[in-house]
2 protein chains.
Amino acid sequence: MAVKPTEAQITRYADMFAAMGTDARLRIVRLLLAAHPDGMVAGEIGAELGIPASTLSHHLEKLRNEDLVRVRRESTFLWYSANAEALQELLGFLYAECCTRNKAIQPQAIVTLCK
Amino acid sequence: MAVKPTEAQITRYADMFAAMGTDARLRIVRLLLAAHPDGMVAGEIGAELGIPASTLSHHLEKLRNEDLVRVRRESTFLWYSANAEALQELLGFLYAECCTRNKAIQPQAIVTLCK
DNA sequence: TTTATAATTCCAAAAGTGTAGAAATATAGA
DNA sequence: TCTATATTTCTACACTTTTGGAATTATAAA
């Protein structure tokens with residue numbers, strides 16, 4: 001992860017950042033992380049965040065397109081969950097860029113802040 | 001940082017993600033991190049990434065608006081540099097959401113990957 | 001099969017974004 | 001002051017995004 005990312009990877013990380021780059025979608029991701037690993041039913045997400053069904057569906061599609069969330073059907077319900085692997089990749093990329101490949105930030109500044 | 005962020009902070013992090021959510025701007029940030037803490041002259045960034053001056057100026061403005069980059073003038077040249085504090089905040093937020101507040105990702109998965 | 005609920009897809013519209021040439025501004029040196 | 005260079009601002013435009021009501025599809029239960 002500390003190695004130089006490819007052009008394609010940079011584009012992918014940019015798309016992932018863009019997917020988390022709206023208030024609505026960042027809240028969705030946070031909610032799904034809090035409910036990890038079970039996730040939440042779409043309707044419950046919408047109710048919690050006050051987002052109309054069709055709007056929510058579009059946001060979830062965007063997050064799914066970037067593989068930041070996964071979905072599984074359970075009868076009429078669609079359970080959405082955060083994709084921890086993808087988030088780990090993104091976090092690893094940002095960490096590497098800031099702390100490892102370059103020394104702009106001390107690793108401890110992140111890790112110890114969160115103890 | 002591991003505490004619950006305010007509504008306003010979430011909005012701000014979303015805006016920061018959005019600022020890094022295009023190929024061009026993510027490359028700019030990477031370049032400035034590599035040149036940290038000196039930063040780079042605007043023209044040099046444009047030359048390196050093949051971005052026309054006016055387009056680059058808009059991207060830099062967006063990054064400046066989100067406080068992800070800083071600028072200082074040196075005669076005719078404008079030196080842009082990454083704002084490590086802002087990046088640390090953003091990284092800390094993502095780390096906290098994924099690894100601390102929720103346990104979706106093991107902290108070691110990030111830190112040890114980058115040793 | 002009819003009904004009910006969950007969620008998506010269709011459709012549309014307003015707003016925002018990315019791009020870049022041309023003109024303007026800032027600074028310094030001759 | 002005139003000139004040269006660096007950069008931004010002006011202007012424009014195509015494209016994408018966000019939003020949400022209405023219609024449709026999916027699933028299951030009565």
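Proteins come first, then strands; the chains are lettered A, B, ... in the order of their sequence lines, and each starts at number 1.
Across all strands shown, Ala42(A) has heavy atoms under 4.0 Å from sugar-phosphate atoms exclusively, and none from any base. Residue contacts shown for His58(B) include a base, since a base heavy atom lies under 4.0 Å away.
Look at CG on Leu60(B): it is 11 Å from P on dT9(D), rounded to the nearest Å. Atom CD1 of Ile51(A) and atom P of dG20(D) are 9 Å apart (whole Å). Distance Ile45(B) CD1 to dT8(D) C1': 14 Å, rounded to the nearest Å. The distance from atom CG of Asp23(A) to atom P of dT17(D) is 18 Å, rounded to the nearest whole Å. In this structure, Asp15(B) atom CG and dT18(D) atom C1' are separated by 14 Å, rounded to whole Å. Rounded to whole angstrom, the span from the CD atom of Glu66(A) across to the P atom of dT17(D) amounts to 10 Å.
Closest to the Ser54(A) side chain, of the nucleotides dA6(D), dC10(D), dG21(D), is dG21(D).
Atom CG in Asp67(B) sits 12.5 Å away from atom CG in Asp15(B) (nearest 0.5 Å). For the atom pair OG1 (Thr11(A)) and CG (Asp23(B)), the distance works out to 3.5 Å, reported to the nearest 0.5 Å. If you take CG on Leu94(B) and CZ on Phe17(B), they are separated by 4.5 Å, rounding to the nearest 0.5 Å. With rounding to the nearest 0.5 angstrom, the OG1 atom of Thr55(B) is 12.0 Å from the CG atom of Leu49(B). Ile110(B) contributes atom CD1, which lies 10.0 Å from atom CD of Glu89(A) (distance to the nearest 0.5 angstrom). With values rounded to the nearest 0.5 angstrom, Leu87(A) atom CG is found 5.5 Å from Leu33(A) atom CG.
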B/S/- contact track for nucleotides 23-30 of chain D, protein heavy atom under 4.0 Å: ---BBS--

Candidate pair Val29(A) and Met20(A), rule side chain to side chain contact (heavy atoms under 4.5 Å, CB included), full reasoning: CA-CA 8 Å; Val29(A) 171; Met20(A) 305 220 292; 4.1 Å; yes

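At a threshold of 4.5 Å between non-hydrogen side-chain atoms, the residues Arg101(A) and Arg30(B) count as touching.
OP1 or OP2 of dT19(D) lies within a sub-4.0 Å distance of a side-chain N or O belonging to His59(A). OP1 and OP2 of dT17(D) both lie 4.0 Å or more from every side-chain N or O belonging to Arg25(A).
Formation of a donor-acceptor pair under 3.5 Å by the Arg25(A) side chain with backbone atoms of His59(A) is not found in this model.
For DNA chain C, the contact window with chain B, defined by any atom under 4.0 Å from a protein heavy atom, covers dT17(C) to dA28(C) in 5' to 3' order.
Toward the 5′ end of DNA chain D lies the nearest nucleotide of Lys62(A), the other residue of the pair Lys62(A) and Pro52(A) mapping further downstream.
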